[in-house]
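Everything quoted here is computed from the prediction, not taken from an experiment. Naming: A, B, ... by sequence-line order, numbering from 1 per chain.
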There are 2 protein chains.
Amino acid sequence: MTEIDKVTAAPESPEAFSRRIAELSESLPKRLRQCAEHIALNLDRIAVSTVAELAEGAGVPPSALMRFCQIMGFSGFSEMQRLFRDAYSGARPDYATRLANLRDGGGGAPGALLAEFVDAGRASLERLAQQVNENTLETAVSMLSGARMIHLAGFRRAYPVAAYLAYAFDRMGVAAQLHSGVGHMDQARTFLPDDALLAITFAPYSGETVDLVKGALGRGVPVVALTDGPASPVALPGACILPVEEVDFGAFRSLSATLALAMSLSVAVGARRGAV
Amino acid sequence: MTEIDKVTAAPESPEAFSRRIAELSESLPKRLRQCAEHIALNLDRIAVSTVAELAEGAGVPPSALMRFCQIMGFSGFSEMQRLFRDAYSGARPDYATRLANLRDGGGGAPGALLAEFVDAGRASLERLAQQVNENTLETAVSMLSGARMIHLAGFRRAYPVAAYLAYAFDRMGVAAQLHSGVGHMDQARTFLPDDALLAITFAPYSGETVDLVKGALGRGVPVVALTDGPASPVALPGACILPVEEVDFGAFRSLSATLALAMSLSVAVGARRGAV
DNA sequence: CCGTGAATAGAATATTTATTCCATTTTTCG
DNA sequence: CGAAAAATGGAATAAATATTCTATTCACGG
């Protein structure tokens, strides 16, 4: 019987819902597990789908999906759906509307520009979350955590990111050096054993950054690069590449995703050093 | 009769939908206009609401809302709702799910950190879009557009933003000077007539920035400040304050919203100067 | 290989929700 | 002011949708 399950209260937030699925899915029989898997991968569709649609997606009859809802602690599908509908409306009251209004200001109006930049930033962040490879990220953190000194390279539009990293590392007591790019220094003296290089560069790539990366690799210094894809000139053998595809608006690139990735890196490194 | 209206095809995107409402709402009778207004302010709820709910929100009987749907060119409410449900599911395929999965990596995992930063960034951007005052923004752009030279002040965590602005203004051929903060310079020589100061500062506010703002105001130099609210020490009489509430994660502040606002400002100023 | 209990599928039903229709009210205009 | 047209509200109906029920299948232990 499922009586034991029904005693447990229904999840009250999408997060709790996810957790509950993770707990249960081990012990579920075939059809119910199919439901759990499909639902877990399509949480965002619950609010706008019918039982029949979700059931078809999961490859089960509607009645199986109903049983799933009840095992999750809800009285039925409608109750489960209400959770997601409420969460949806609550989370972004009328953000889309507001954005549309700002845009309507028209061509040159600052508000319209802002709407575009906000949208580009948000799109970049969402894309980053979907495309990031956790293993690569983990590798990058390991490489940087082991370094005695972290060199930071980023010029032109990448410079603000490098500058932010310098600030963050400084705050956490991690030794880091922000390279200025003016006056090519003697790389033999710059890169010491146990150093690492964190480079940030996007098309059009700056020559200084590429040179620094090559120099570091030539000396066996580990390199982590935030760049815009595997076609980048810094995507050389031995370098750990973290791709970030920013959404552009006009000639100007949102840095939201790059900064979010940079912040995660720096905090993860700081935490691993035990400095926070 | 509404026959003329029915000839016009239904909007095929939320944007077209908004435009259509704007066109129509002038010419609608009382109840239908109530529908139009309530719907326009709650576009995001259409996907997850019933006719009865929306009608109640608008203060009209369900039948009035049905008529509204038909005047908009749809066969009925269901067809209108489909537009928004499709747009919703299409826009963010399973971003929320992905984010939840990243978070599940657990405490120290870099992926979990990234999920938090992405979320903080997105929340900041959405809040900015909702809270920004278009008039203040317009004032800021006017003040900066009229300046011969724009001075940029931002230190510590605000420095990356100032650096980005310096880059953007440079690219657009707008004269701008990034202040370093080291070695207090003689402000009488720094600020010339027709200059303007753009300051970026957040709690804990850096003394240098506050000093620069006070100096500029004392010399009659217009000041625009990106800061975290009216309680900021740079919110002095005469300064144009652009409030940005960033969402923090831990000790680290997402800069997404600040950057988006900074970029809009710079591009708007560049455009007004005719430099782009 | 059979019996027992859980799991399942699909049909039957109940409920919710959308949609239409028409009598009544309000507005418009001669 | 009065007739015609438009708009409205609410009840009646139709459609979609959720939910339950039951016969059947499946898995497992004796």
Side-chain angles (χ1 to χ4, degrees), chain A residues 1-7 10 21 24-39 42 45-86 88-89, chain B residues 1-8 10 21 24-39 42 45-86 89:
Chain A
M1 267 298 269
T2 55
E3 197 139 1
I4 306 164
D5 300 310
K6 282 198 179 173
V7 176
I21 288 194
L24 284 183
S25 62
E26 296 301 315
S27 64
L28 292 176
K30 189 178 164 204
R31 288 283 114 112
L32 293 183
R33 185 176 305 190
Q34 280 176 258
C35 293
E37 282 174 10
H38 181 253
I39 293 275
N42 295 280
R45 289 217 173 109
I46 298 177
V48 297
S49 298
T50 66
V51 173
E53 285 164 1
L54 287 173
E56 189 189 344
V60 304
S63 54
L65 208 130
M66 285 306 298
R67 265 180 297 132
F68 173 77
C69 297
Q70 288 164 354
I71 282 182
M72 288 291 288
F74 300 97
S75 71
F77 176 75
S78 299
E79 197 176 305
M80 183 171 109
Q81 190 175 50
R82 180 153 30 243
L83 172 66
F84 287 88
R85 289 190 168 177
D86 291 352
Y88 166 68
S89 285
Chain B
M1 264 302 267
T2 56
E3 198 141 359
I4 306 163
D5 300 310
K6 282 200 178 172
V7 176
T8 2
I21 288 192
L24 284 182
S25 63
E26 295 301 317
S27 65
L28 291 177
K30 189 178 164 204
R31 288 282 111 113
L32 293 183
R33 185 176 306 187
Q34 280 177 256
C35 292
E37 282 174 9
H38 181 254
I39 293 274
N42 295 281
R45 288 218 175 111
I46 298 177
V48 297
S49 298
T50 66
V51 173
E53 285 164 0
L54 287 173
E56 189 189 344
V60 305
S63 54
L65 208 130
M66 286 306 300
R67 278 199 317 272
F68 173 78
C69 297
Q70 288 163 355
I71 283 181
M72 289 291 288
F74 301 98
S75 71
F77 176 75
S78 298
E79 197 176 304
M80 183 171 109
Q81 190 175 52
R82 182 159 22 238
L83 172 66
F84 287 88
R85 289 191 168 176
D86 292 351
S89 286

J.: Less than 4.5 Å apart, any side-chain heavy atom of A/Gln34 and any of A/Glu37?
T.: no
J.: Grab the CE-P distance between B/Met80 and C/dT19 for me, whole Å please.
T.: 10 Å
J.: Quickly work out the B/Gln34 CD to D/dA7 C1' distance and round it to whole Å.
T.: 13 Å
J.: Please give, in whole Å, the distance from D/dG9 P to B/Glu56 CD?
T.: 14 Å
J.: For the pair B/Gln70 and B/Arg67, evaluate side chain to side chain donor-acceptor pair (under 3.5 Å) and give the outcome as yes or no after the intermediate values.
T.: CA-CA 5 Å; B/Gln70 288 163 355; B/Arg67 278 199 317 272; over 6 Å; no
J.: Check whether any side-chain nitrogen or oxygen of B/Arg67 sits under 4.0 Å from OP1 or OP2 of D/dT8, and answer yes or no.
T.: yes
J.: Answer whether the closest heavy-atom distance between the side chains of B/Phe68 and B/Val60 falls below 4.5 Å.
T.: no
J.: Can you tell me the distance, in whole Å, between the CG atom of B/Leu65 and the P atom of C/dT19?
T.: 10 Å
J.: Using whole Å, report how far NZ of B/Lys30 lies from C1' of C/dT28.
T.: 17 Å
J.: Nearest 0.5 Å, what's the CD1-CG distance between A/Ile46 and A/Leu83?
T.: 8.0 Å
J.: Distance check needed: D/dA6 P versus B/Ile71 CD1, whole Å only.
T.: 12 Å
J.: I'd like to check B/Leu24 versus B/Met72 (side-chain heavy atoms, cut-off strictly below 4.5 Å). Are they in contact?
T.: yes
J.: Rounded to the nearest Å, what distance is computed from the CZ atom of residue B/Arg33 to the P atom of nucleotide D/dA7?
T.: 12 Å
J.: Does the side chain of A/Val48 reach to within under 4.5 Å of the side chain of A/Arg85, using non-hydrogen atoms?
T.: no
J.: Would you tabulate the pairs of protein nitrogen or oxygen atoms and nucleotide nitrogen or oxygen atoms of nucleotides 17-20 of chain D closer than 3.5 angstrom?
T.:
{"residue": "D/dA18", "atom": "OP1", "partner": "A/Val51", "partner atom": "N", "Å": "3.2"}
{"residue": "D/dA18", "atom": "OP2", "partner": "A/Val51", "partner atom": "N", "Å": "2.8"}
{"residue": "D/dA18", "atom": "O3'", "partner": "A/Ser78", "partner atom": "OG", "Å": "3.1"}
{"residue": "D/dT19", "atom": "OP1", "partner": "A/Ser78", "partner atom": "OG", "Å": "3.4"}
{"residue": "D/dT19", "atom": "OP2", "partner": "A/Phe77", "partner atom": "N", "Å": "2.5"}
{"residue": "D/dT19", "atom": "OP2", "partner": "A/Ser78", "partner atom": "N", "Å": "3.3"}
{"residue": "D/dT20", "atom": "OP2", "partner": "A/Gln70", "partner atom": "NE2", "Å": "2.9"}

